[in-house]
Amino acid sequence: MRQKTDFLVIGSGIAGLSYALKAAEFGSVVIITKASADESNTKYAQGGIAAVTYAPDTHEKHIRDTLICGAGLCDESVVRMVIGESNEQINELIKWGAQFDKKPDGDFDLAKEGGHSEHRVLHHKDDTGIEIERALISQIQSHPNIKMYTHYFAVDIITQHHLGKEVSRQTQGIECYGVYVLNIKTGEIETILSRITMIATGGAGQVYRTTTNPTIATGDGIAMVYRAKGKVENMEFIQFHPTALYDPGVSPSFLISEAVRGAGGILKTGDGKEFMHKYDERGSLAPRDIVARAIDNEMKMSGDDFVYLDCTGIEKEKLLSHFPNIYEKCRSKGIDILKEFIPVVPAAHYLCGGIKVDEWGRSSIRALYASGECACTGLHGANRLASNSLLEALVYSHRSLINSSEELKRCTFHEEVPEWNAEGTNQPNEMVLITHNRKEVQSLMSDYVGIMRSNQRLKRALDRLRIIYGETESLYEKTSLSPAIGELRNLITVAYIIIKEAMARKESVGLHYNTDFPPPVKK
Ligand code: FAD
Ligand code: SIN
């Protein structure tokens, strides 16, 4: 089967949906998403969206916090641009129906998170993501120009390569003609030709064993762009969230929002002592790279499997009204957070790198844009400031639309694109080979490419990954395509890029810490 659309959007998180709503004013839009309509990292966002709302906060302060957190590797012009455009984009989200909590006096109830010098995080209780997805999907459903296909898995970006032309990473003018997609319900690979394609496939937390990311977060868009010889960068900067609920055997890990620390939650060791001030004067609210490394260090010193988050000092009414889901989740695990400490561990949470885009969301491949967690814009540098990612997605989807609605006029459909060739493949008779390899990738990445890295660990990870790659590719050649094998290949590709870029960086900066290159001692 084949179909055509002006705009093809891959992904139904905040980046894909906000772009689709705007693109629909300029042409036909198809959204494909590999799970249900709202399944995404966006849905699980707790803390909220960072934006300057009231004095004494200023854009300059938000800019400074973002730059400090990014450890010198942010693109300052991008930081200024995103924060400068933040209020306009958030107002649009509010116009689409997203509701953020207000105080009795009618002002927004702003939360604080690590690395922020002011209260500036707009939130909907502790389930901001659910509220954003609800608002956006209800707009999408009533739009006559938008079709959404759920349970459609994007397999590969179609370029000149599929017309039999030689394409290398150095080739200028690679162009995107659409995407091959697997209709998961029928098992058929369909061709969608598009004039403009937007990749909004989110992050890759699933490359690690312990992650806050849902199972969809397998870096598919990044792997597709890499296979199509597009540019990907900054992949060594993996953000580990300091406080995921310690719940062995349960994946993904449930997040205990940083906003809980912003409201007064304090990190403590097993013997009940505060420890963060040994590492940073900002204590439990230092940026995430510092807190996650401190927890890792404390756990190594004590031999404990977790540290504690003490919320007992937070006023009861505040805790119950702002964090009802966290309260209920912990209660369901037998922890009364009004009286007891929460056991927490760091977990892979956010990918700062991704598909390299310019200030208009353009990737290095023509007619192909990227927005959201799969994109690398320069905003986050070596470490993302909390609650800046939902904001980045809104701003970049908007900017991508401004540019792509013009580009649309120059792009045509490439009818000569062939159908997908599935010859010589069979249904997999040993799914276990695929699931074992996925677990092995997660193990080697967690053991050797986690919070603390070394040259030896990185080399070991690469050696192990090569074996898994070889096995998986031979399986892929003989097996008919399924999301499981597609995701495994994508995870391997993403793991490979993370390791290679970690090896190439001969310093410790932000989220990338290599014990062979310790950071200079501060005087
Ligand atoms: P996503 O929301 O992840 O959407 C990706 C979409 O792409 C999904 O619909 C997925 O199904 C689809 N997809 C992926 N691959 C394919 C494929 N091959 N074919 C078809 N479809 C595909 N950030 C903040 O700013 N504030 C917060 O408070 C916050 N809290 C967070 C809490 C948690 C637990 C997590 C995990 C993240 C949090 N983040 C937060 C980060 C933020 O939620 C994400 O970075 C952001 O939502 C990413 O949005 P996105 O649209 O780029 O991707
Ligand atoms: C959180 O609520 O702690 C997550 C915020 C974020 O990842 O930006």
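Index from 1, following the sequence. When a ligand or atom number is given, it counts from 1 through the structure's own listing order. In this text the structure is predicted, and so the values were computed from the model without any measurement.
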Fit a plane to each ring of H322 and H123, take the angle between them on a 0 to 90° scale, and name the class: parallel (under 30°), tilted (30 to 60°) or perpendicular (over 60°).
parallel
Close approach, H349 and ligand 2, non-hydrogen under 4.0 angstrom
yes
By number and element, which atoms of ligand 1 are closer than 4.0 Å to a non-hydrogen atom of A15?
51 (O), 52 (O)
Numbering the atoms of ligand 2 from 1, which are under 4.0 Å from a heavy atom of S387?
6 (C), 8 (O)
Any nitrogen or oxygen of E258 lying under 3.5 Å from a nitrogen or oxygen in ligand 2? Just yes or no.
yes
Side chain or backbone of E373 under 4.0 Å from ligand 1, or both, or neither, by non-hydrogen atoms?
both
Distance from atom 3 (O) of ligand 1 to nearest protein heavy atom, with residue and atom
N41 N, 2.9 Å
Which of the ligand 1 atoms, numbered from 1, are nearer than 4.0 Å to a heavy atom of G372:
52 (O)
Pull out every atom of ligand 2 sitting under 4.0 Å from any heavy atom of R288, numbered as shown with elements.
1 (C), 3 (O), 4 (C), 5 (C), 6 (C), 7 (O), 8 (O)
Counting from 1, what ligand 1 atoms have a heavy atom of G48 closer than 4.0 Å?
24 (C), 25 (O), 26 (N), 27 (C), 28 (O)
I need the contact type for L255 against ligand 1. Using non-hydrogen atoms and a strict under-4.0 Å cut-off, is it side chain, backbone, both or neither?
side chain
Using a 4.0 Å heavy-atom cut-off, say whether E133 meets ligand 1 through its side chain, its backbone, both or neither.
neither
Would L255 count as a contact of ligand 2 if the rule is a heavy atom under 4.0 Å away?
yes
Run down the list A45, G11, G221 and name the one with the heavy atom closest to atom 7 (O) of ligand 1.
G11
Which of these, I216, D38, N213, has its nearest heavy atom closest to atom 36 (C) of ligand 1?
N213
Near G47, which atoms of ligand 1 are under 4.0 Å from a heavy atom of that residue?
28 (O)
May I ask you to list the atoms of ligand 2 that are less than 4.0 angstrom from any heavy atom of H241?
1 (C), 3 (O), 4 (C)
Please step through side chain to side chain contact (heavy atoms under 4.5 Å, CB included) for the pair L193 and T191, ending with a clear verdict.
CA-CA 6 Å; L193 298 180; T191 307; 4.0 Å; yes
Contacting atoms of ligand 2, where contact means under 4.0 angstrom from a heavy atom of A386
8 (O)
In terms of ring plane angle, is the pair H62 and H116 parallel, tilted or perpendicular, where the classes change at 30° and 60°?
tilted
Kindly confirm or rule out an N or O of S257 lying under 3.5 angstrom from an N or O of ligand 2.
yes
Ignoring angles and geometry beyond distance, decide whether G47 reaches within less than 3.5 Å of ligand 2 through its nitrogen or oxygen atoms.
yes
